[in-house]
Enquirer: 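Dumping the structure here so I can ask a few things about it.
Keep in mind the model is a prediction, meaning the values are calculated, not measured. Counting starts at 1 for both ligands and their atoms, following the listed order. Computation of the quantities below employed the complete heavy-atom set of this structure, encompassing side-chain atoms and omitting hydrogens, waters and symmetry-equivalent molecules.
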Amino acid sequence: MVISNTPIRVAVTGAAGNIGYSLVFRIAAGEVFGPDQPVALNLIEIPQGMEKLQGVVMELQDSAFPLLKDIVATDDLNTGFKDANWALLVGSVPRKDGMERKDLLGINGKIFTGQGRAIAANAAKNVRVLVVGNPCNTNALIALRHATGIPEDRFFAMTRLDENRAKAQLAAKAGVHVSEVKNVTIFGNHSSTQFPDFYNAQIKGKPLSDFITDEAWLQGEFIETVQKRGAAIIKARGSSSAASAANAAVETVRLLAHRSPADEWFSVGVVSTGEYGTTPGLVTGLPIRSTGRGTWRVVEGLSIPEFARAKIDASIKELTEERDTAAEALGAKL
Ligand code: NAX
């Protein structure tokens, strides 16, 4: 990434929410684009969130971040996405009691339709979009379908939190530090059907099977723990993961904005072109390497044993159903 005196402008929706409260401070501190790169923040909320957002703005001012050159706080999407180089779509409507899945997909579908259009109309030419708000894969698909003129390979759905959760579990089992676990891919949907791929993972640069031989644990407890980690955190903390989710967003943008190490890949949802038997056109978790010049490619040649195949297929089936349900609710082709 080339450092510029012109600030990188980052739009964040849901900026007064739990994740936003952690995320925007880390961007302003230089943790995403580096210690020499100025940044500007466009903080976007719904009208009911604006008062709380003013508190966030005051705290950003009171942090006196040397790199933070401008703050815009707004509930207007055109203002919010104006000149944004990155759009981090965090805000979405959570599922409430009695709400059908279709209702949820329809409500969020409308939000991400409007945001996709507003990004296309207002953002900088080089804009990149990371969707965190759930259901993030399908929300990303909806946004990109409505962001006319922006190449679809600039839209991403966050699976890094699942990747980090998987690495933490594998490290604990192998008795190594988490930084020694690499190349864990989250295939499929960011949901309970996701497949955290342990087959191609490495520990200390060697195959994971050199360290963990308990296949039953890998196929059972490990996957289940990763899939249900979000629920476990809600149970323990009384609210959903926020700091770790913000951290995952920081890491995802950092990885996409810089060249990823030659011997490593990371996981993010991108528009599939059919890699690893996934369905073209769906936003699907895949193994990614970035070039540092704003482009990325899917890592090829990973082995997909029968067990992994079945898990990936199940998650793709769910993504297909989500897309079709959202399309029906929106009356749009996705
Ligand atoms: P909060 O409910 O604390 O905050 C959401 C904020 O978004 C609120 O301040 C709300 O006013 C705002 N908002 C709602 N609709 C908006 C809109 N149309 N435009 C702008 N702002 C809007 O939720 P939080 O804990 O911050 O989580 C945010 C989203 O991240 C949720 O959808 C959540 O499910 C999702 N997550 C995604 C993860 C992932 O790995 N992809 C992990 C963490 C998290 O669960």
Enquirer: Does an N or O from S92, backbone or side chain, lie closer than 3.5 Å to an N or O of ligand 1?
Expert: yes

Enquirer: We want to know whether N78 and N122 form a side-chain donor-acceptor pair, criterion being a heavy-atom distance below 3.5 angstrom.
Expert: yes

Enquirer: For atom 42 (C) of ligand 1, what's the nearest protein heavy-atom neighbour? Residue, atom name and distance, please.
Expert: L161 CD2, 3.7 Å

Enquirer: Looking only at distance, does I19 have an N or O less than 3.5 Å from an N or O of ligand 1?
Expert: yes

Enquirer: Consider every N or O of V132 and every N or O of ligand 1, then say whether any pair is closer than 3.5 Å.
Expert: yes

Enquirer: Can you list the atoms of ligand 1 that are under 4.0 Å from a heavy atom of G17?
Expert: 3 (O), 4 (O), 6 (C), 9 (O), 26 (O)

Enquirer: Without swapping roles, check the side chain of N200 against the backbone of S303 for a donor-acceptor pair under 3.5 Å.
Expert: yes

Enquirer: Within ligand 1, which atoms have a heavy atom of G91 less than 4.0 Å away?
Expert: 7 (O), 13 (N), 22 (C)

Enquirer: Tell me, please: is A242 in heavy-atom contact with ligand 1, that is, under 4.0 Å?
Expert: no

Enquirer: Among side-chain atoms of S239 and R237, is any donor-acceptor pair under 3.5 angstrom?
Expert: yes

Enquirer: Does ligand 1 have an atom that lies less than 4.0 angstrom from a heavy atom of I111?
Expert: yes

Enquirer: Could you tell me, atom by atom, which parts of ligand 1 come under 4.0 Å of a heavy atom of N18?
Expert: 1 (P), 3 (O), 4 (O), 25 (O), 26 (O)

Enquirer: C136 heavy atoms, cut-off 4.0 Å: which ligand 1 atoms fall inside?
Expert: 41 (N)

Enquirer: Quick one: which ligand 1 atoms are inside 4.0 Å of a heavy atom on V90?
Expert: 28 (C), 29 (C), 30 (O)

Enquirer: Do the side chains of D263 and K182 get close enough for a salt bridge, i.e. N-O under 4.0 angstrom?
Expert: no

Enquirer: Would you check if the side chain of N85 reaches a backbone N or O of R9 as a donor-acceptor pair within less than 3.5 Å?
Expert: yes

Enquirer: Which atoms of ligand 1 sit under 4.0 Å from any heavy atom of S240?
Expert: 25 (O)

Enquirer: Does an N or O from N134, backbone or side chain, lie closer than 3.5 Å to an N or O of ligand 1?
Expert: yes

Enquirer: Suppose we measure from atom 43 (C) of ligand 1 to each protein heavy atom; which comes out shortest, and what is that distance?
Expert: A245 CB, 3.5 Å

Enquirer: With no hydrogens and no angle check, do the side chains of S244 and R229 hold a donor and an acceptor under 3.5 Å apart?
Expert: no

Enquirer: Which of the numbered atoms in ligand 1 are below 4.0 angstrom from a heavy atom of I46?
Expert: 11 (O), 15 (N), 16 (C), 17 (C), 18 (N), 19 (N), 20 (C), 21 (N), 22 (C)

Enquirer: Is a donor on one side and an acceptor on the other found under 3.5 Å between the side chain of E59 and the backbone of V56?
Expert: no

Enquirer: Pick, from Q115, Q194, R160, H190, the option with the minimum heavy-atom distance to atom 38 (C) of ligand 1.
Expert: H190

Enquirer: Is there a polar contact between ligand 1 and V131, counting only N or O atoms under 3.5 Å apart?
Expert: no

Enquirer: Is a side-chain N or O of Q227 found less than 3.5 angstrom from the main chain of Q194, in a donor-acceptor match?
Expert: yes

Enquirer: With sequence neighbours left out, write down each residue that passes side-chain hydrogen bond (donor to acceptor under 3.5 Å, both in side chains) with Q115, or none if nothing qualifies.
Expert: none

Enquirer: With heavy-atom distances below 4.0 Å as the criterion, list the atoms of ligand 1 near G14.
Expert: 6 (C), 7 (O), 12 (C), 20 (C), 21 (N)

Enquirer: May I ask you to check if ligand 1 and E45 share an N or O to N or O distance below 3.5 Å?
Expert: yes

Enquirer: Are any non-hydrogen protein atoms located under 4.0 Å from atom 2 (O) of ligand 1?
Expert: no

Enquirer: Show the numbers, then the answer: is there a side-chain contact (heavy atoms from CB on, under 4.5 Å) between W296 and R289?
Expert: CA-CA 6 Å; W296 51 266; R289 273 199 190 106; over 6 Å; no

Enquirer: N247 pairs by side chain to side chain donor-acceptor pair (under 3.5 Å) with which of R26, E31, R160?
Expert: R26

Enquirer: Got a sec, which pairs hit salt bridge (Lys or Arg N to Asp or Glu O under 4.0 Å) with one end in residues 315-328, sequence neighbours left out?
Expert: R101-E322, K102-E328, K317-E321

